[in-house]
Number of protein chains: 2
Amino acid sequence: MTIANRKERQKEELRSKILEVAKELFIERGFEETSIRNIAERIEYSPTTIYLYFKDKDDIFYALHQEGFILLNQYFRVLQNVEDPFERLKAINRAYIDFALENREFYDLMFISRSPMNALNRDDEKWEEGNKAFGALFGTVNECIQKGYFKGMDPEILSFTCWSMVHGICALEVRGRCSVISEANLENLSHKSAAMVIEMLDRMHLDRPQ
Amino acid sequence: MTIANRKERQKEELRSKILEVAKELFIERGFEETSIRNIAERIEYSPTTIYLYFKDKDDIFYALHQEGFILLNQYFRVLQNVEDPFERLKAINRAYIDFALENREFYDLMFISRSPMNALNRDDEKWEEGNKAFGALFGTVNECIQKGYFKGMDPEILSFTCWSMVHGICALEVRGRCSVISEANLENLSHKSAAMVIEMLDRMHLDRPQ
DNA sequence: TATTTTACTTTACACCGTTAAGTAAATTAT
DNA sequence: ATAATTTACTTAACGGTGTAAAGTAAAATA
């Protein structure tokens with residue numbers, strides 16, 4: 001069955017090649033400016049060949065968005081060594097923002113663009129990548145609560161709120177809405193704002209005076 | 001000059017009509033699915049006529065995004081009567097989220113979509129609408145600081161952080177990333193999270209214990 | 001050797017934003 | 001009153017898009 005194996009392998013290789021050049025292109029010129037025909041040209045196959053490997057354009061970008069999550073998990077993985085869950089929570093926030101700033105197109109695809117979500121909704125599947133990444137945050141928040149942090153707060157809402165705080169920073173940055181900020185503060189704006197968010201978290205878990 | 005006036009008026013009317021049906025269409029079927037040709041068909045003019053009134057598609061959506069800001073300001077205006085700046089700040093956050101949830105397509109256009117920003121960058125103009133809306137927030141935050149709230153924090157970074165916190169909630173909601181949340185919490189998620197953000201603000205301005 | 005399957009291409013459809021050239025009516029100038 | 005020009009629009013066209021249907025040559029199987 002070695003011939004069939006080779007064929008299988010070659011199919012897999014072409015599929016990978018499609019994703020590889022799709023990634024190249026969408027990092028080069030942004031995801032919205034990457035067309036099936038561009039990809040086809042670069043892999044030196046006809047455009048319709050791509051449809052033998054992916055259902056549609058959204059399906060390609062769904063696959064790339066999965067790659068993005070693998071990359072994001074690499075940013076997170078080292079943080080599993082941080083013992084204190086609250087310190088880990090803060091580190092996750094910082095890592096998330098670093099990921100967004102260092103991989104803008106991926107970030108856009110994963111958390112802003114509609115394309116990969118269309119691929120899911122098409123055959124109404126669950127957003128597993130999102131669930132898993134959120135799960136990591138959720139777990140850390142739960143640990144925090146178990147250790148007495150954030151007394152009386154709903155862990156899931158708190159997790160979502162943590163996420164949305166850093167997402168807000170990244171989304172405004174990635175989609176070019178930060179021009180309202182003065183030049184002095186524009187430098188490292190995301191990190192400055194992230195520091196403030198983290199200070200808020202710091203104050204959240206302290207018992208309220210009075 | 002009454003004939004020239006009438007002509008002027010009629011031109012203005014067609015311009016308004018274009019924006020009117022563009023708005024209809026983009027609220028009906030979303031902004032990305034609204035084409036120049038769709039608009040042309042509905043106003044019963046040829047597609048190219050639209051280019052006599054707007055430079056390009058982005059220019060149309062820039063104009064609509066301006067309308068969105070007028071609408072947002074209506075949500076904000078009543079809040080100018082709130083005496084206490086800190087209460088006003090919290091009310092602004094709530095109003096912002098209400099606006100986003102009640103006018104999703106507008107929100108998308110104003111704070112997520114690239115289209116209106118392209119129109120600005122084309123003739124490198126400033127984002128006046130954004131500046132003005134942010135200015136209102138910034139002013140309120142400054143008042144807060146003047147009254148002793150948020151001691152020692154940078155007002156601009158704090159304003160941006162307030163904005164990004166609520167934007168994060170709205171952007172995740174509008175772009176369909178909330179499916180990671182359990183059904184129980186999915187109901188009114190944005191408002192629940194907003195309440196938590198506001199609680200964070202409440203705790204921010206208290207002097208740190210110890 | 002004949003048949004079927006595989007992997008791909010060609011062609012085509014129905015859209016898209018946008019530009020260039022053409023046109024009929026209204027206005028202005030002579 | 002007639003000719004020239006401007007106005008407001010349309011038709012035609014260019015070069016792009018995603019995607020489906022039909023065709024094809026080679027390989028695998030019968």
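Below, all heavy atoms of this structure are taken into account, side chains as well, without hydrogens, waters or symmetry copies. Order of the sequence lines sets the chain letters (A, B, ...), proteins ahead of strands, with each chain counted from 1.
Counting atom types as modelled, A/Thr48 pairs no side-chain N or O with a base atom of D/dT19 as donor and acceptor under 3.5 Å. Remark: the B/Arg37 side chain and the C/dG17 base include a donor-acceptor N/O pair separated by less than 3.5 Å.
Taking the centre of each ring, B/Phe111 and B/Phe69 come in below the 6.0 Å mark.
In terms of phosphate contacts, A/Asn38 brings a side-chain nitrogen or oxygen within less than 4.0 Å of OP1 or OP2 of D/dT17.
Atoms CG (B/Asn118) and P (C/dG17) sit 14 Å apart, rounded to a whole Å. Per the geometry, OH belonging to B/Tyr45 stands 13 Å off P belonging to D/dT11, to the nearest Å. Between the P atom of D/dG18 and the NZ atom of A/Lys57 lies a distance of 5 Å, rounded to the nearest Å. Protein atom CD1 of B/Ile50 is 15 Å distant from nucleotide atom C1' of C/dT19, rounded to whole Å. Remark: C1' of C/dT18 and OH of B/Tyr51 are 5 Å apart, rounded to the nearest angstrom. Summarising the geometry, the separation between CZ on B/Arg9 and P on D/dA8 is reported as 14 Å, rounded to the nearest angstrom.
Of the candidate nucleotides C/dT9, D/dT10, C/dG17, D/dT10 has the atom nearest to the side chain of B/Thr49. With D/dA8, D/dT19, C/dC8 as the candidates, the nucleotide lying closest to the side chain of B/Lys11 is D/dA8.
Across all strands, B/Tyr53 comes closer than 4.0 Å only to sugar-phosphate atoms, never to a base (heavy-atom distances). Residue A/Ser46 is in base contact, counting any heavy-atom pair closer than 4.0 Å across all strands shown. The residue A/Leu14 sits close only to the backbone: its heavy atoms come under 4.0 Å of sugar-phosphate atoms, none of a base.
A salt bridge does not link B/Glu105 to B/Lys23: none of the charged nitrogens lies less than 4.0 Å from a carboxylate oxygen. Salt-bridge formation is not detected for the pair A/Lys17/A/Glu13: no Lys NZ or Arg NE/NH1/NH2 atom is positioned less than 4.0 Å from an Asp or Glu carboxylate oxygen.
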Determine, stepwise, if the pair B/Lys192 / B/Glu187 fulfils salt bridge (Lys or Arg N to Asp or Glu O under 4.0 Å).
CA-CA 9 Å; B/Lys192 286 174 190 162; B/Glu187 220 170 10; 5.9 Å; no
